[in-house]
Amino acid sequence: MTYALRGETQAYVTMPTMQKIHVVFHDAGGGHRNAATALQTVAVQQQRPWQVELIQFQELTDRFDVLRRVTGIRIQEQYNVLLQNGWTLGSAYLLRLLQATIRLFHRPLVNLLENFWREKPADLLVSVIPHFNRELCESWNNVYPGRPFVTLITDLADFPPHFWIEPIKEQYVIAGTERAAQQARSLGHDDAHIFRTSGMILRPDFYAPDTSDPIALRKELGLRTDLTTAIVLFGGHGSKVMYDIATRLDAAQAHVQLILICGRNEELAAKFNAHPWRMPVKVIGFTKEIHKLMRAADFLIGKPGPGSIAEAMVRKLPVLIECNSWTLPQERYNAEWVAEKRVGIVLPNFREIVGGVQRMLDPATLAEFRKNVAALENRAIFEIPEILDQLLRESASVRASSHSAAALPSAG
């Protein structure tokens with residue numbers, strides 16, 4: 001079955017028996033939940049014969065959350081606090097400490113997961129989280145040997161060891177870049193277990209046809225219609241660095257206006273609203289309309305997160321990001337990718353934001369970035385369901401063959 005690339009869907013002529021897919025996610029950053037809900041949404045839109053159940057990993061494994069025992073805060077919440085406040089220096093050390101803790105609790109985690117899978121059977125398991133793929137894969141295969149386990153990488157590349165890809169032959173890997181696919185090969189995965197997509201998975205609404213007038217949208221937002229516009233996006237919880245970026249641009253009287261996405265950070269939004277800005281700004285709280293707001297912008301300012309970069313590319317926006325010692329180690333390759341593809345500017349620090357914006361406003365530079373962005377075509381949201389369908393069919397065929405062989409009378 002062929003599906004249209006811009007979000008149009010087509011129903012199956014015949015509906016096979018309903019199959020069940022588990023998708024494991026957590027809320028450390030918004031990208032993992034977004035990937036899970038995107039997969040669930042597109043399955044419904046395409047009328048796939050699947051029941052896609054989302055499983056919040058943190059809730060499932062809370063009793064093994066060592067940091068919660070000590071601090072009263074979940075690991076995923078501590079992660080979001082670090083991002084919100086910019087406390088990311090030394091995060092590589094913290095990451096390795098987390099991984100060592102996971103290894104210490106490996107067997108209890110596997111036992112817990114095995115019991116859960118027995119209570120909640122499914123035909124296929126998808127992980128959109130890092131760190132725990134060894135435990136997920138081992139427990140799944142202990143309970144349902146032969147049923148596929150898939151890791152859908154929501155970063156542009158892995159950060160080995162034991163981040164996304166494990167040297168486990170049963171693990172299928174869906175990689176959005178050639179770098180990630182090559183990393184899977186280097187760990188011993190064969191081509192049958194590696195699926196290369198054209199980019200990162202995004203919600204289907206980012207692909208919905210949009211003929212709205214950017215000038216009219218700016219007017220609706222209370223912005224000037226004749227001024228270059230940047231959307232400032234630092235995830236669903238915002239970041240205090242956004243305020244520093246805005247004040248530097250305002251003080252320099254940069255010829256730009258800002259759409260400031262504060263997300264769930266009400267304190268930050270209130271701080272922006274209380275400031276007497278000279279340049280036009282629009283403060284936005286939590287919203288599911290990022291894809292529409294991007295239509296009003298000319299470029300994006302943000303951290304080098306894989307989700308925001310991928311969203312900007314699909315909405316045809318160049319990006320202005322930073323990369324330095326404070327950048328999360330798993331996101332540093334994203335900055336390399338932006339520079340390599342020439343789809344934006346990478347600053348060593350947002351203290352240089354004024355110069356970066358001035359470079360972005362150069363007509364020739366902006367035109368080149370726009371041309372390079374336009375050449376990219378990320379269709380992962382429509383490619384991934386086809387991959388899962390293939391794995392489900394192959395698994396069902398193998399199981400049917402095994403049952404048939406078992407039913408044959410023995411010779412003699």
If only atom types and distance count, is the side chain of R359 paired as donor or acceptor with the main-chain N or O of T365 below 3.5 Å?
-> no
Is there a donor-acceptor contact under 3.5 Å from the side chain of T229 to the main chain of L227?
-> yes
Verify the distance criterion only: is there a donor paired with an acceptor across the side chains of Q58 and D27 at less than 3.5 Å?
-> no
Classify the side-chain pair E135/H106 by whether it contains a donor and acceptor separated by less than 3.5 Å.
-> yes
Does a side-chain N-to-carboxylate-O contact under 4.0 Å join [X] and [Y]?
X: E53; Y: K20; result: yes
X: E386; Y: R379; result: no
X: R315; Y: D210; result: yes
X: K120; Y: E114; result: no

Are the aromatic ring centres of [X] and [Y] under 6.0 angstrom apart?
X: W117; Y: F149; answer: no
X: F57; Y: F132; answer: yes
X: Y144; Y: W140; answer: yes

What pair of heavy atoms forms the shortest contact from [X] to [Y], and how long is it?
X: F350; Y: G302; value: CZ-O, 3.3 Å
X: N324; Y: W326; value: OD1-N, 2.9 Å
X: V338; Y: V346; value: CG1-CG2, 4.0 Å
X: P280; Y: V256; value: CD-O, 4.4 Å
X: L300; Y: A312; value: CD1-CB, 4.3 Å

Is the number of heavy atoms from other residues, nucleotides or ligands under 6.0 Å of [X] [atom1] greater than 12?
X: E394; atom1: CD; result: yes
X: R103; atom1: CZ; result: yes
X: K292; atom1: NZ; result: no

Specify whether H32 and W164 have parallel, tilted or perpendicular ring planes, treating 30° as the upper limit for parallel and 60° as the lower limit for perpendicular.
-> tilted
How long is the gap from CZ on R278 to CG on D250, to the nearest 0.5 Å?
-> 5.0 Å
Could you check if a side-chain atom of D389 sits within less than 4.5 angstrom of a side-chain atom of R48, using non-hydrogen atoms only?
-> yes
Should F382 and Y207 be marked as a ring pair (Phe, Tyr, Trp, His ring centres under 6.0 Å) after you check the CA-CA gap, both sets of side-chain angles, and the distance that decides it?
-> CA-CA 10 Å; F382 308 111; Y207 296 86; 5.2 Å; yes
Cation-aromatic face contact R33/F25, 6.0 Å, 45 degrees = no
Before giving the answer on salt bridge (Lys or Arg N to Asp or Glu O under 4.0 Å), spell out for E336 and K341 the whole-Å C-alpha distance, their side-chain angles and the decisive distance to 0.1 Å.
-> CA-CA 9 Å; E336 291 182 38; K341 300 293 184 182; over 6 Å; no
Option passing side-chain hydrogen bond (donor to acceptor under 3.5 Å, both in side chains) with Y243 (candidates K271, H275, R248) = H275
CA sep, side-chain torsions, deciding dist, call: R185, E178, salt bridge (Lys or Arg N to Asp or Glu O under 4.0 Å) | CA-CA 10 Å; R185 295 186 196 102; E178 184 53 37; 2.8 Å; yes
Evaluate salt bridge (Lys or Arg N to Asp or Glu O under 4.0 Å) for E368 paired with R342, printing each intermediate quantity in order.
-> CA-CA 8 Å; E368 180 191 0; R342 291 199 53 79; 2.7 Å; yes
Criterion salt bridge (Lys or Arg N to Asp or Glu O under 4.0 Å) on R218 and D298, from CA distance to verdict = CA-CA 11 Å; R218 292 177 190 176; D298 295 292; 2.8 Å; yes
Verdict with reasoning, S395 to L391, per side-chain contact (heavy atoms from CB on, under 4.5 Å) = CA-CA 6 Å; S395 175; L391 292 174; over 6 Å; no
